[in-house]
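Remember, it's 1-based here, ligands and their atoms both numbered in the order they're listed. Everything quoted here is computed from the prediction, not taken from an experiment.
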Amino acid sequence: MPFPVHRPRRLRSSDAIRRMVRETNLTPDDFIYPLFVTFGKGVRKKIASMPGCFQMSVDEIVKEAQRVYKLGVPAVILFGIPEHKDERASEAYSAKGVVQKAVKAVKDKVPGLVVITDVCLCEYMSHGHCGIVNKGRVLNDPTLELLAREALSHAEAGADIVAPSDMMDGRVAAIRDALNAGGFEDIPIMSYAAKYASAFYGPFREAAESTPAFGDRRSYQMDPANRREAVKEAALDIEEGADIVMVKPAMSYMDIISDVKDTFDVPVAAYNVSGEYSMVKAAAKLGWIDEMNIVMEILTSVKRAGADLILTYHAVDAVKELNK
Ligand code: PBG
């Protein structure tokens with residue numbers, strides 16, 4: 001008879017005791033803050049579906065980087081919105097691209113901030129897909145060369161970590177080879193290993209202007225119904241040289257985060273994506289939820305599931321809350 005010998009409530013009786021037996025604690029070092037870089041000067045344009053997020057030109061990105069670093073945010077991930085899009089995503093791997101310029105400027109002014117770059121082509125392609133398109137199909141192998149060039153150009157600009165999010169097969173190996181050949185064998189790869197074809201990316205596509213012009217991403221991103229396949233994807237990426245593997249989205253994919261964490265001995269990242277953020281913001285605006293309590297509960301549960309790192313648009317608010 002466990003009761004009355006066992007009374008789990010004993011360890012919940014005061015805040016001090018609850019803190020002592022707490023299994024999961026968030027720290028500011030857990031967070032990576034996403035930023036959207038656009039062309040121009042003095043641009044700080046609101047993203048309607050993501051209140052609190054902006055498209056910023058390089059000069060504004062530098063100011064934002066200084067601000068968040070001072071608050072204690074350890075890392076940012078940069079996404080680019082180029083001036084011109086074409087069918088070869090030329091600005092993705094141009095030394096004069098917006099991300100390359102932003103990396104250089106931020107590393108120059110805020111050297112202590114870890115700058116991660118998203119390596120993908122969709123924002124730079126006129127059709128909005130993550131690879132080269134031929135007759136309506138997204139081609140895998142010809143895309144690898146462009147991704148490798150893009151990652152190399154980010155490293156040359158000074159990126160600390162590159163993060164491929166395209167879901168082409170073999171891209172981690174192609175990027176590792178290109179980085180090694182370029183003398184960047186010490187730059188880590190954080191791969192979006194288990195990235196699902198998710199409706200939760202809706203607001204991001206407004207933010208990054210990357211909605212596919214035709215079709216969807218289901219021929220390269222994972223089917224949300226699949227669990228075992230995520231372990232296979234992570235295994236392949238680790239074999240190809242990924243240093244950190246990511247699961248994306250986070251909240252509806254906690255089982256996947258947990259599986260990947262239990263199976264592999266590399267750090268696991270989870271991306272608390274735009275749709276997850278916007279739902280919280282919308283409900284908070286309506287007065288239906290307590291925003292900060294919900295945010296901390298979500299982030300804690302993502303970490304509890306197994307994430308060592310969390311990419312989140314709530315990063316600045318969460319760090320402020322933790323440092324209170
Ligand atoms: C680019 C990319 C996307 C996201 C991160 N990198 C969009 C997509 O795959 O359509 C989504 C991030 C978010 O929703 O917050 N491939």
> Does the pair E64/R44 count as a salt bridge with the N-to-O cut at 4.0 Å?
Replying inline: yes
>> So which atom in E206 and which in A48 form the shortest heavy-atom distance, rounded to 0.1 Å?
In response: OE2-N, 3.2 Å
> Out of D30, T27, D308, N25, which residue meets the side-chain hydrogen bond (donor to acceptor under 3.5 Å, both in side chains) rule with K303?
Replying inline: D30
> Which one of C122, C53, A197 has a non-hydrogen atom at the shortest distance from atom 1 (C) of ligand 1?
Replying inline: C122
> What protein heavy atom is closest to atom 11 (C) of ligand 1, reported as residue, atom name and distance in Å?
Replying inline: K248 NZ, 2.8 Å
> To which protein heavy atom is atom 12 (C) of ligand 1 closest, and what is the distance rounded to 0.1 Å?
Replying inline: F204 CD1, 3.2 Å
>> Can you classify the ring geometry of Y313 versus F36 as parallel (below 30°), tilted (30 to 60°) or perpendicular (above 60°)?
In response: parallel
>> Among all protein heavy atoms in this structure, tell me which lies nearest to atom 2 (C) of ligand 1, with the distance rounded to 0.1 Å.
In response: K195 NZ, 3.3 Å
> Which bit of D166 gets closer than 4.0 Å to ligand 1, counting heavy atoms only: side chain, backbone, both or neither?
Replying inline: neither
> How does Y271 reach ligand 1, if at all, at less than 4.0 Å between non-hydrogen atoms: by side chain, backbone, both, or neither?
Replying inline: side chain
> Would you call D15 and R19 a salt bridge, taking side-chain N to carboxylate O under 4.0 Å as the test?
Replying inline: yes
>> Residue-level breakdown please: for S274 versus ligand 1, do any non-hydrogen atoms fall below 4.0 Å on the side chain, on the backbone, on both, or on neither?
In response: both
>> Does the plane of the ring in H314 sit parallel, tilted or perpendicular to the ring in Y277? Use 30° and 60° as the thresholds.
In response: tilted
